[in-house]
Every structure is written in structure tokens, then in C-alpha cells.
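Read through the structure below, which is laid out as C-alpha cells, and then see the notes.
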Amino acid sequence: MYILPLYNITVLPNAVTYLHTAAFKKSTGQAAAAGDRVVLLPTKTEKSEAFDAADFYPFAVTGEVGEPDTNGFAEIRTEHRVHVDEASILPDGRIRLSLSRADETGDLSPEEDREKCEALKKELLAFSQRYEWAPAARYLLSFAENLNALISILSPFMELTAEERFGLLRESDARTRAERIEEILYEWIEMAKLSGEGNEQREAETKKAYREAAIKKQIAYLQQELDELHPENVTELRDLETRLAKTPLNEIARKEAQRVLQRMKNEGERSQEYAMLFDYLDFLLGLPWKKEAARAIGLDEARSVLERDHYGLKKVKDRVIQQIAVLNLKKTQSGSILCFVGAPGTGKTSVCKSIADALGRKYVRVSLGGVRDEAEIRGHRRTYIGAMPGRILNAVSKAGVSNPVLVLDEIDKLSVSYNGDPAAALLEALDPEQNGTFTDHYLNAPFDLSDVFFICTANSLDTVPAPLLDRMEVISFTGYTETEKYQIAVRHLLPKALGRAGLSPGQIAIGEEALRSVITDYTMEAGVRGLKKALDALCRTAAVRLAEGNGETLTVTGEDLRDLLDRRPIRHTAAGKAQPPGVATGLAWTEAGGDVLYIETLFTKGSGKVTVTGQLGDVMKESVQIAVSLVKAMYPDKAELFERNDLHIHVPDGAVPKDGPSAGITLTTALSSLVTGHTVSPSLAMTGEVSLRGVVSPIGGLPEKLMAAKRAGISKVLIPAENEADLADVAEEVKNSLTIVPVSTVAEVLEQTVPGDTPAALT
């Protein structure tokens with residue numbers, strides 16, 4: 001008798017089980033032969049070899065092997081339940097069992113068992129035909145003669161655990177086992193029905209989805225044909241759908257656009273929000289989401305464009321060429337954020353236009369003067385009535401490309417209000433590490449600004465917040481010299497003025513002397529904006545005279561300027577002749593490009609009171625106090641002058657406010673001149689701050705101050721030694737006309753200004 005260990009196979013007495021002869025041979029070591037006696041022994045776990053005695057259940061079934069069929073399956077007809085009294089494993093791996101017969105109890109007759117089996121077979125056959133059950137199972141059903149055989153045949157198709165299968169074999173009561181078999185089979189049928197119904201429902205839904213997709217595709221195709229035949233009848237929604245399909249949005253923007261479009265469809269054109277939703281979607285789809293390909297820019301071509309449009313500005317042009325070279329090498333669209341700083345009319349905005357021409361890009365400008373609302377930069381949220389996108393995205397949308405040259409003009413004119421800080425809102429846009437995902441409140445989706453070439457302009461950096469300034473590279477625009485202004489007028493301003501007035505070059509003749517007089521006597525500025533206005537006025541006057549028939553050409557001389565411009569010449573501060581003690585000449589930076597500043601001091605009878613006039617700011621008032629203390633320390637023998645007299649310090653012009661850290665050495669020199677009685681040469685000017693230790697500190701605006709000295713006829717200028725490197729930014733024309741002396745201490749200053757009386761050393 002052979003022992004066949006079986007796992008997860010239902011074995012019951014008086015039933016039929018089919019096993020492949022290969023499994024039989026693997027377990028017994030011999031091929032199955034008809035008539036062999038076997039013991040079908042259920043196991044707790046699935047093992048192929050090396051069984052333990054604890055792996056076997058305590059009940060088994062005996063049976064007889066039938067003739068194998070052509071497919072290699074042998075029928076095993078089971079007979080009786082047996083109890084495994086003892087199980088052991090021999091050294092060679094064979095299994096030894098001690099068995100005893102386990103008789104069944106119960107009053108289930110064979111006829112009743114057969115009737116229950118036939119009823120279940122009918123249910124199973126009907127179920128199998130409806131749900132296309134396995135053909136092999138339907139075939140085997142015909143061999144089931146009782147309930148035991150029925151569940152044994154179907155067990156390979158059922159999901160029963162080893163414990164559930166053994167539970168049927170362990171049951172000794174035939175009726176109880178039959179009831180349990182019926183319960184298992186009916187439960188399995190119902191579960192299979194539910195599964196089949198679920199599959200049918202899923203299949204129906206899948207077919208419905210496929211059909212719906214096919215219908216939509218056909219509708220879209222037909223709608224496209226109609227749109228092409230009658231483009232004038234395309235609806236707004238259809239147009240938005242078409243644009244949405246063609247626009248290369250990012251994932252977040254596409255989801256937002258689809259959501260808004262679906263909302264427009266659901267609410268209809270009569271909805272109160274339809275117009276707002278349409279404006280939003282139209283703006284979103286109008287943005288240049290497609291990135292422009294980087295292209296190489298010829299440096300020679302870019303340099304020729306800059307030279308063609310502007311005269312001078314060598315430092316600025318060199319920096320722009322460097323930026324273009326970096327863009328070519330890195331194959332990128334944008335680089336450092338540039339900030340052009342300089343007086344009005346020095347060409348900041350016009351240089352930006354030339355940069356756009358040199359790069360071959362669109363130019364767009366955003367004026368920030370007076371902006372005090374954060375929403376002007378980042379947009380309004382769409383929950384507000386009249387919501388609009390921010391100025392940056394609006395400018396990019398108008399440009400129509402993802403890589404324009406975007407100029408943020410007058411960035412120093414931003415202000416703060418209860419609506420937020422617009423300068424703080426610019427931090428994300430001007431940070432190359434963040435602007436790739438710039439999010440406008442109105443758009444509510446990230447937009448890539450990394451390809452935008454940002455350029456900022458400002459007249460002064462005093463009001464620009466430090467975090468914003470840290471994101472930019474500052475390039476200073478110094479004022480133009482008289483020679484540069486003359487060349488700019490001849491090459492650019494005068495031809496444009498003739499065009500605006502409708503004149504040809506031969507209809508007005510402005511001599512060199514007259515043009516230089518316009519520059520020096522009728523304008524006072526660092527840039528050329530006032531010069532442009534003066535030339536426009538001359539051309540308009542010429543146009544009137546020519547229109548009245550008073551000749552074909554208007555010749556302008558220096559004597560004619562006062563009448564033609566209808567203004568008096570500007571009174572420039574010039575180096576005076578002899579000056580009394582107590583007067584020194586300083587240099588001041590102004591937005592007009594710098595000016596000469598006289599500081600006057602005077603003792604009057606009194607008790608040591610110090611009076612300061614001339615609308616001085618807090619910084620200059622502190623410079624006065626430092627200068628007074630220094631002079632007292634350097635000339636201790638003159639201390640009684642300060643005790644017996646009142647000191648009056650005046651800085652003309654009295655109506656002009658003045659402030660800044662650069663008047664220290666001028667105040668000290670004026671006071672030293674006053675107490676020593678030595679006059680200071682009127683052709684000598686100075687600029688620099690001073691400390692209580694007598695150290696001369698550096699200042700700003702040196703190019704503008706030196707140009708003012710040249711214009712005033714000054715021949716010698718004292719500057720802080722630490723500013724000597726700044727002379728590289730000063731025009732050669734200015735440097736050649738001045739004697740520039742760097743100084744480090746007050747003692748060096750006084751050696752140049754009031755020689756003769758040696759001041760006491762400062763300790």
C-alpha cells in the first residue's frame with residue numbers, strides 16, 4: 001500500500017479524486033498502476049520532501065488507483081476514513097503509518113445523498129452555462145455520484161484552506177458533513193455569481209466608456225470640420241478648448257485651466273462669473289508658455305548696435321558685452337540681474353532698448369514709479385472684483401515671448417503702504433533661484449520667468465531695500481562731460497529733433513559755438529534730457545519761421561540763443577577771486593550731476609554759541625560738530641576765540657536742502673582758515689568726510705563732483721585717498737583739466753589749504 005501526502009486537496013470517503021501520475025510517482029517513487037492500493041494523507045503544510053510526523057493530519061482515506069487516461073490522470077476511488085494512530089519517518093525518508101478504521105455515523109441514506117447531489121449539480125450546471133465556468137469542471141460534474149464526490153471534484157476550483165478541507169474529513173457524522181458541503185457549495189455559487197455580475201458590470205462600463213470616447217472623438221472631428229468650413233461661427237468656449245489643447249501648459253496650469261473651462265460649461269454664458277472666468281482663461285492661454293530656443297549672438301554685431309545708439313558709456317557697454325558672451329557660452333537665456341543707476345537723462349532706459357536690439361529680443365518696460373501696492377507686482381486674487389494680473393506677467397504677456405528684455409523702470413520710486421511692500425514682492429521675480437516657479441496671485445499657477453532678461457533702473461540706491469539690492473548687479477551711469485554732450489547732440493539729439501519738427505538737415509544751421517553754449521549756459525544736468533528739450537525748442541522756432549516764409553534756413557548763433565530759447569542763461573557757480581578767511585570750497589553730489597558748494601564761517605561777539613544755517617541735514621550738522629571739536633583740539637591756543645565769540649556757519653544757497661557725509665574736511669578747513677586768519681585759494685576745492693581722529697573718510701559720487709569742479713573753473717581738488725581707485729571712472733577730459741591730490745588725514749588737508757600754522761597733532 002502506497003502513502004500519498006496531499007496538500008490543499010479535499011479527500012473524502014466514497015468519492016473520486018483525480019491525480020496526475022507524475023505526482024504519484026514523485027511521492028511513491030513508482031508509476032501509478034491500476035489496482036494499486038493507496039492511503040491519501042492530508043498534510044498541514046506544502047512540502048515536497050523531508051516530512052515530519054507533525055506535518056500530517058490525524059485522519060486519512062484509503063483508496064484504489066484506476067487506469068490512467070491519455071492525459072496522464074489516474075482516477076482514485078476512495079473507500080474508508082482511517083485514523084492515523086501513529087506516524088513516523090524512516091531513515092530513508094519513507095513514511096510509516098499505524099492506521100485504524102474510523103467508521104461514519106449518521107442517518108443520511110445513499111438515496112438522500114444522491115438527491116442532494118443532483119440538485120446541487122443542476123445549480124452548478126446552470127451557473128456554469130451563465131457565467132462561462134471552466135469546461136473541465138462541467139465535464140467532471142457528470143462523474144459525481146454523491147456529495148463527497150461532488151466537492152472533491154470541485155475542490156481544485158474553490159478557495160478553501162487546508163483546515164477547512166480537513167474539517168470535512170474529520171467530521172464523522174455523514175448528515176452533518178453533507179449539510180456543511182451544501183453550505184460551502186451554495187456559498188461558493190453565490191460568491192461566484194456576485195463576482196460574475198461584477199465582471200459583467202465592469203465590462204459594460206468599459207464598453208460604455210469606450211463608446212463614449214469614440215462618440216466624443218467623432219464629435220470633435222466633426223466639430224473641427226465645421227470650424228474649418230465656418231470659422232466665423234466658432235463659439236468662445238470652442239475657441240478656448242482649441243487653444244487649451246494647443247498651448248504647452250505645465251501640469252498645474254493645465255489642471256487649473258481645465259477646471260475653469262468646465263465651470264464655464266456648467267454655468268453657461270448667462271452666469272454672472274462667466275465674463276471673469278473668460279478673461280482669466282484668455283489671459284492664461286495668452287501667456288508665452290513655450291520656451292524660446294537659445295541662440296548665439298554675435299559680439300561684433302552687438303557691439304556695433306550699442307555704438308550706433310550711444311556715445312560714450314564705455315564701462316556700461318563693456319559690461320553688456322560680457323553678459324552676452326556669458327549667455328553664448330552657457331547656452332542660457334538670462335544671467336545676472338542688472339541695475340542701472342544714474343541721474344535722469346544719462347541713457348539708462350535707451351541703453352536697455354539697445355540691449356534688446358543687440359540680443360534680438362522683444363523689449364518691454366514696466367514703470368514702478370509710485371507703485372505702493374503689492375498686488376501691482378504679484379496680481380490680485382480672483383476672489384476680488386476687478387482682479388487683474390501683476391505688472392510683470394502682464395508685460396510678459398504683451399511681449400508674447402518667454403525671453404523678453406523686461407525693464408523695471410524707477411525701482412527706487414517704490415513705496416510702502418498698508419497694501420503691502422511691492423519691493424518685497426519683487427524678491428521672487430528677481431531671484432534666479434526662485435523665478436522659475438513665479439506664482440502670480442491672479443494666475444494661481446507657477447510661470448517660468450527664468451528666461452526673462454531683467455534690467456532695473458534707478459536714480460539712487462538710497463531707497464532700495466538691501467535684500468532687493470543684493471539680487472542685482474549695480475552698474476553706475478555717471479554724468480556726461482561737455483565734450484560727450486556735444487557729440488551726443490550732433491550724432492543723436494539734433495537729427496531726432498529735426499525729424500520731430502519736420503525739418504530737413506539743411507533748414508537749420510546751429511554752429512559749434514552756439515551748440516556748446518546751449519550745453520554749458522542753458523542746461524545744468526548730468527544727462528542730456530534738458531539738452532534735448534533745448535534742441536527741440538530751437539527746431540520748433542525754426543519750423544515757425546520757415547512756415548511763415550522768413551527764409552529757407554535758420555542760422556543759430558550764440559547771441560540768438562536767449563531769444564530763441566526764451567530763457568536766461570543759467571548762472572553757474574564759478575571759482576571766485578580772493579576770499580576772506582573762513583571760506584572754503586566744497587563739492588556736492590546732486591541729481592543734476594554735482595555742484596560747487598561754498599562754506600562760510602564767521603565769528604561774532606557772544607558766549608560760544610554755534611549757529612548753523614543753509615538747511616543742513618542731520619549728517620552735515622554732525623559734521624559741523626566734529627569739525628568744531630577738531631579745530632579746538634588742533635589749535636588749543638585759539639580756544640578763547642570760541643569762548644568769547646559766537647560761531648556762525650552758513651552753506652549757500654539757503655533755500656536748497658543739503659545733506660550727506662562728504663563735507664567734513666571742507667568744514668574743518670573753513671574753521672581752520674577762520675581761526676588762523678589764512679585765506680583758502682578760491683581755485684582749490686575739496687570733498688571728504690572726517691573723523692574725530694582726523695582721518696579722512698571716503699565719499700561717493702566722485703565723477704560728478706569732479707565734473708562740477710571742472711565746470712566751475714577749479715584747478716585743484718583734494719579727495720580722500722581711499723577714493724583714488726574711483727578715478728578710473730572719471731573721464732580723461734576731466735582728469736586732465738584738474739590737479740587731483742589724495743589726502744588721508746586732516747593734517748595733509750591743512751598743508752594744502754592753510755599752510756603756515758602747524759596744527760597740534762591729534763592723539
Nearest atoms (heavy-atom pairs only) where P13 meets E79: CB-O, 3.5 Å
Any P422 side-chain heavy atom under 4.5 Å of L368 side chain: no
From N146 atom CG to E112 atom CD, the distance as rounded to the nearest 0.5 Å: 13.0 Å
Full working for salt bridge (Lys or Arg N to Asp or Glu O under 4.0 Å) between K208 and E205: CA-CA 5 Å; K208 181 180 178 182; E205 290 176 353; over 6 Å; no
Under 3.5 Å donor-acceptor, R378 side chain and E374 backbone: no
Atom of A15, atom of S152 and distance for their closest heavy-atom approach: CB-OG, 3.8 Å
Other residues, nucleotides, ligands: >12 heavy atoms within 6.0 Å of R243 CZ: yes
Within-4.5 Å side-chain heavy-atom neighbours: I392 and L449: yes
CE (M276) with more than 12 external heavy atoms under 6.0 Å: yes
Side chain proximity check, L393 to L443, heavy atoms < 4.5 angstrom: yes
Flag, side chain of R114 to backbone of L147, donor-acceptor distance under 3.5 Å: no
For V452 against V396, the heavy-atom pair lying closest together: CG2-CG2, 4.4 Å
Approximate separation, where rounding is to 0.5 Å, of Q262 CD and Q258 CD: 9.5 Å
Any donor-acceptor pair under 3.5 Å from T62 side chain to V39 backbone: no
Test side-chain contact (heavy atoms from CB on, under 4.5 Å) applied to D36 and E64, step by step: CA-CA 6 Å; D36 288 342; E64 182 179 341; over 6 Å; no
4.5 Å side-chain heavy-atom contact, T78 and V16: no
Chi angles and distances behind the side-chain contact (heavy atoms from CB on, under 4.5 Å) call for L406, V366: CA-CA 7 Å; L406 198 158; V366 175; 3.9 Å; yes
Verdict with reasoning, F447 to T437, per side-chain contact (heavy atoms from CB on, under 4.5 Å): CA-CA 5 Å; F447 185 82; T437 56; over 6 Å; no
Flag if over 12 foreign heavy atoms under 6.0 Å of CD1, I385: no
N/O donor-acceptor pair under 3.5 Å between W289 side chain and L284 backbone: yes
More than 12 heavy atoms of other groups within 6.0 Å of Y384 OH: no
Y280 six-ring centre to R382 NZ/CZ under 6.0 Å and within 45° of normal: yes
pair H441-H380: side-chain heavy atoms closer than 4.5 Å: no
Residue E433 excluded, over 12 heavy atoms near CD under 6.0 Å: no
Donor-acceptor side-chain pairing of S100 and D85 below 3.5 angstrom: yes
Spacing of L41 atom CG and F56 atom CZ [to the nearest 0.5 Å]: 5.5 Å
R77 side chain vs G63 backbone, donor-acceptor pair below 3.5 Å: no
R37 atom CZ, neighbour heavy-atom count above 12 within 6.0 Å: yes
Electrostatic pair K255:E251 at N-O distance under 4.0 angstrom: yes
Pair K44 + E163, salt bridge at N-O below 4.0 Å: no
Chi angles and distances behind the side-chain contact (heavy atoms from CB on, under 4.5 Å) call for N394, M388: CA-CA 9 Å; N394 198 28; M388 295 178 63; 5.6 Å; no
Interatomic distance, R254 atom CZ to L244 atom CG [nearest 0.5 angstrom]: 5.5 Å
Rounded distance (nearest 0.5 Å) linking atom OH of Y442 with atom OG1 of T383: 12.0 Å
From CA spacing to verdict: salt bridge (Lys or Arg N to Asp or Glu O under 4.0 Å), R263, E256: CA-CA 11 Å; R263 184 176 172 187; E256 183 72 10; over 6 Å; no
R295, CZ: over 12 other non-hydrogen atoms inside 6.0 angstrom: yes
Heavy-atom side-chain contact between I337 and D431 under 4.5 Å: no
Min side-chain heavy-atom separation L237-M264 under 4.5 Å: yes
Nearest non-hydrogen partners of N435 and S450, listed with the distance: OD1-CA, 3.6 Å
Any donor-acceptor N/O pair, D373 side chain to E376 backbone, under 3.5 Å: no
Heavy-atom pair of closest approach, residues G66 and A74: O-CB, 4.2 Å
Ring centers of Y57, F166 separated by less than 6.0 Å: yes
Euclidean distance, D470 CG relative to L430 CG, rounded to 0.5 Å: 11.5 Å
Atom of S402, atom of K291 and distance for their closest heavy-atom approach: OG-CA, 3.5 Å
L6 side chain reached by T43 side chain, heavy atoms, under 4.5 Å: no
